Enquirer: 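Before anything else, here's the structure in question.
In what follows, chains are A, B, ... by sequence order, proteins preceding strands, each numbered from 1. These figures come from a predicted structure and were not determined experimentally.
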Amino acid sequence: NAGVTQTPKFQVLKTGQSMTLQCAQDMNHEYMSWYRQDPGMGLRLIHYSVGAGITDQGEVPNGYNVSRSTTEDFPLRLLSAAPSQTSVYFCASSSPRRLTEAFFGQGTRLTVV
Amino acid sequence: AQTVTQSQPEMSVQEAETVTLSCTYDTSENNYYLFWYKQPPSRQMILVIRQEAYKQQNATENRFSVNFQKAAKSFSLKISDSQLGDTAMYFCAFMKPYGGSQGNLIFGKGTKLSVKP
């Protein structure tokens with residue numbers, strides 16, 4: 001049971017480049033979400049999904065897109081990277097029947113230069 | 001909107017001693033969950049302990065216990081017999097189990113705990 005898998009673990013982008021952070025879970029969880037972690041800011045919610053085909057914005061959605069075509073995958077897209085998007089990104093998943101047991105990926109450290 | 005406040009950016013404790021990390025939150029909800037997460041240098045997010053708001057009894061997990069004061073909206077974490085492996089960032093978090101944004105976590109800014117030998 002792999003849990004939540006994020007790829008890549010590290011990435012350096014140039015300003016204006018696009019990329020997709022991948023997140024996959026093998027627990028058949030309906031709920032998936034993306035957070036970003038910045039020094040002194042804790043983790044903040046970017047986007048979330050309560051099931052395939054359903055997504056919604058969190059606290060800091062600007063500059064990011066998501067889609068949820070399958071239960072397993074929830075990719076996060078940066079269309080035009082900016083230095084302000086330098087951060088550590090976490091994907092998480094949970095079941096609505098066991099909300100208190102959220103599973104986190106290992107995180108992706110993204111640097112935009 | 002819910003907010004979570006951790007007023008201690010950094011703390012240190014001697015090995016084998018006890019330390020308490022503070023957390024306050026603001027919500028108009030009556031039913032919710034509270035959590036403490038540990039993030040060691042490996043960056044992994046590890047659930048330490050959780051508390052359901054409708055339970056008056058404070059949660060305990062081995063050396064970790066909470067002091068949950070619902071009326072005061074306070075949720076502190078006590079670590080007894082501190083160990084070097086407890087050195088980490090600790091985050092307090094809030095979750096609504098229903099309604100819009102259910103299941104999503106609202107985090108405090110974290111407390112960096114150093115355990116000294």
Side-chain angles (χ1 to χ4, degrees), chain A residues 2-6 8-11 23 25 27 29-51 54-61 66 68 74 87-110, chain B residues 1-10 21 23-25 29 31-55 59 61 66 68 75 88-112:
Chain A
V4 179
T5 302
Q6 286 184 238
K9 289 186 172 55
F10 301 93
Q11 182 72 48
C23 176
Q25 52 90 9
M27 297 169 282
H29 285 166
E30 293 92 329
Y31 289 8
M32 296 186 74
S33 51
W34 278 102
Y35 297 85
R36 61 176 286 173
Q37 181 181 10
D38 302 296
M41 296 297 294
L43 282 75
R44 293 179 292 170
L45 182 67
I46 304 172
H47 285 285
Y48 64 98
S49 169
V50 298
I54 306 169
T55 64
D56 206 345
Q57 296 180 351
E59 179 186 356
V60 287
V66 292
R68 185 98 179 268
F74 190 44
S87 188
V88 178
Y89 292 84
F90 286 95
C91 179
S93 76
S94 63
S95 165
R97 289 163 295 282
R98 301 188 76 170
L99 282 175
T100 60
E101 295 183 15
F103 291 78
F104 283 84
Q106 312 100 309
T108 296
R109 179 176 292 279
L110 175 68
Chain B
Q2 287 70 227
T3 58
V4 178
T5 301
Q6 293 179 250
S7 58
Q8 305 151 316
E10 292 191 39
L21 279 56
C23 174
T24 58
Y25 59 95
E29 305 289 338
N31 189 21
Y32 48 86
Y33 296 106
L34 296 165
F35 305 84
W36 279 97
Y37 279 89
K38 171 185 178 181
Q39 187 182 46
S42 66
R43 213 165 62 199
Q44 184 180 3
M45 293 293 288
I46 302 167
L47 177 63
V48 174
I49 199 165
R50 60 182 167 231
Q51 175 81 41
E52 290 130 359
Y54 63 86
K55 289 188 176 179
E61 290 285 346
V66 298
F68 173 50
F75 183 61
M89 197 76 170
Y90 286 82
F91 292 101
C92 180
F94 172 100
M95 177 197 286
K96 276 195 323 180
Y98 53 82
S101 199
Q102 71 180 93
N104 293 317
L105 291 159
I106 299 169
F107 288 91
K109 294 184 178 181
T111 296
K112 184 176 182 180

Enquirer: Show your working on side-chain contact (heavy atoms from CB on, under 4.5 Å) between A/His29 and A/Arg98 and close with a plain yes or no.
Expert: CA-CA 10 Å; A/His29 285 166; A/Arg98 301 188 76 170; over 6 Å; no
Enquirer: By a 4.5 Å heavy-atom criterion (distance strictly below it), what part of B/Tyr37 contacts chain A: side chain, backbone, both, or neither?
Expert: side chain
Enquirer: Spell out, as yes or no, whether a donor-acceptor pair under 3.5 Å connects the side chain of A/Trp34 to the backbone of A/Phe74.
Expert: yes
Enquirer: For B/Gln2 versus B/Phe94, what's the shortest heavy-atom pair and its separation?
Expert: CG-CE2, 3.1 Å
Enquirer: Would B/Gln6 and B/Tyr90 count as a side chain to side chain donor-acceptor pair (under 3.5 Å) if you check the C-alpha gap in whole Å, the side-chain angles of each, and the deciding distance to 0.1 Å?
Expert: CA-CA 10 Å; B/Gln6 293 179 250; B/Tyr90 286 82; over 6 Å; no
Enquirer: Which atoms of A/Leu43 come close to chain B, meaning under 4.5 Å heavy atom to heavy atom: side chain ones, backbone ones, both, or neither?
Expert: both
Enquirer: Among B/Ala1, B/Gly110, B/Gly103, which has the most heavy-atom pairs under 4.5 Å with chain A?
Expert: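 Most heavy-atom pairs within the cutoff with chain A belong to B/Gly103.
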Enquirer: Are B/Arg50 and A/Glu101 ion-paired here, with the side-chain N under 4.0 Å from a carboxylate O?
Expert: yes
Enquirer: Could you give me the CA-CA distance, side-chain angles and deciding distance for A/Phe90 and B/Gln39, then say whether side-chain contact (heavy atoms from CB on, under 4.5 Å) is met?
Expert: CA-CA 12 Å; A/Phe90 286 95; B/Gln39 187 182 46; 3.3 Å; yes
Enquirer: What part of B/Pro97 is in contact with chain A, defined as an atom under 4.5 angstrom from a non-hydrogen atom: side chain, backbone, both or neither?
Expert: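 When you check distances to chain A, atoms from both the backbone and side chain of B/Pro97 fall under 4.5 Å.
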Enquirer: Okay, side chain of A/Gln6, backbone of A/Gly107: is any donor-acceptor separation there less than 3.5 Å?
Expert: yes
Enquirer: Counting only non-hydrogen atoms closer than 4.5 Å, can you tell me which residues of residues 40-48 of chain B sit against chain A?
Expert: B/Arg43, B/Met45, B/Leu47
Enquirer: What are the two closest non-hydrogen atoms of A/Met32 and A/Cys91, and how far apart are they?
Expert: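 It is CE-SG, 4.0 Å.
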Enquirer: So does B/Ile106 get a backbone contact from the side chain of B/Tyr25, meaning a donor-acceptor N/O pair under 3.5 Å?
Expert: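 Flag not set: sc B/Tyr25 to bb B/Ile106 has no pair under 3.5 Å.
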Enquirer: Which answer fits A/Arg109, side chain, backbone, both or neither, if we ask what part of it has an atom under 4.5 Å from a heavy atom of chain B?
Expert: both
Enquirer: So which of A/Glu59, A/Arg44, A/Gln37 has the largest heavy-atom pair count under 4.5 angstrom toward chain B?
Expert: A/Gln37
Enquirer: Heavy-atom distances under 4.5 Å only: say whether A/Val88 touches chain B with side chain, backbone, both or neither.
Expert: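 Only the side chain of A/Val88 comes within 4.5 Å of chain B.
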Enquirer: Counting only heavy atoms closer than 4.5 Å, note whether A/Ser33 contacts chain B via side chain, backbone, both or neither.
Expert: side chain
Enquirer: Please confirm whether the backbone N or O of A/Ile54 pairs with a side-chain atom of A/Ser49, one donor and one acceptor, at under 3.5 Å?
Expert: yes
Enquirer: Which atoms of A/Tyr35 are under 4.5 Å from chain B, going by heavy atoms: the side chain, the backbone, both sets, or neither?
Expert: side chain
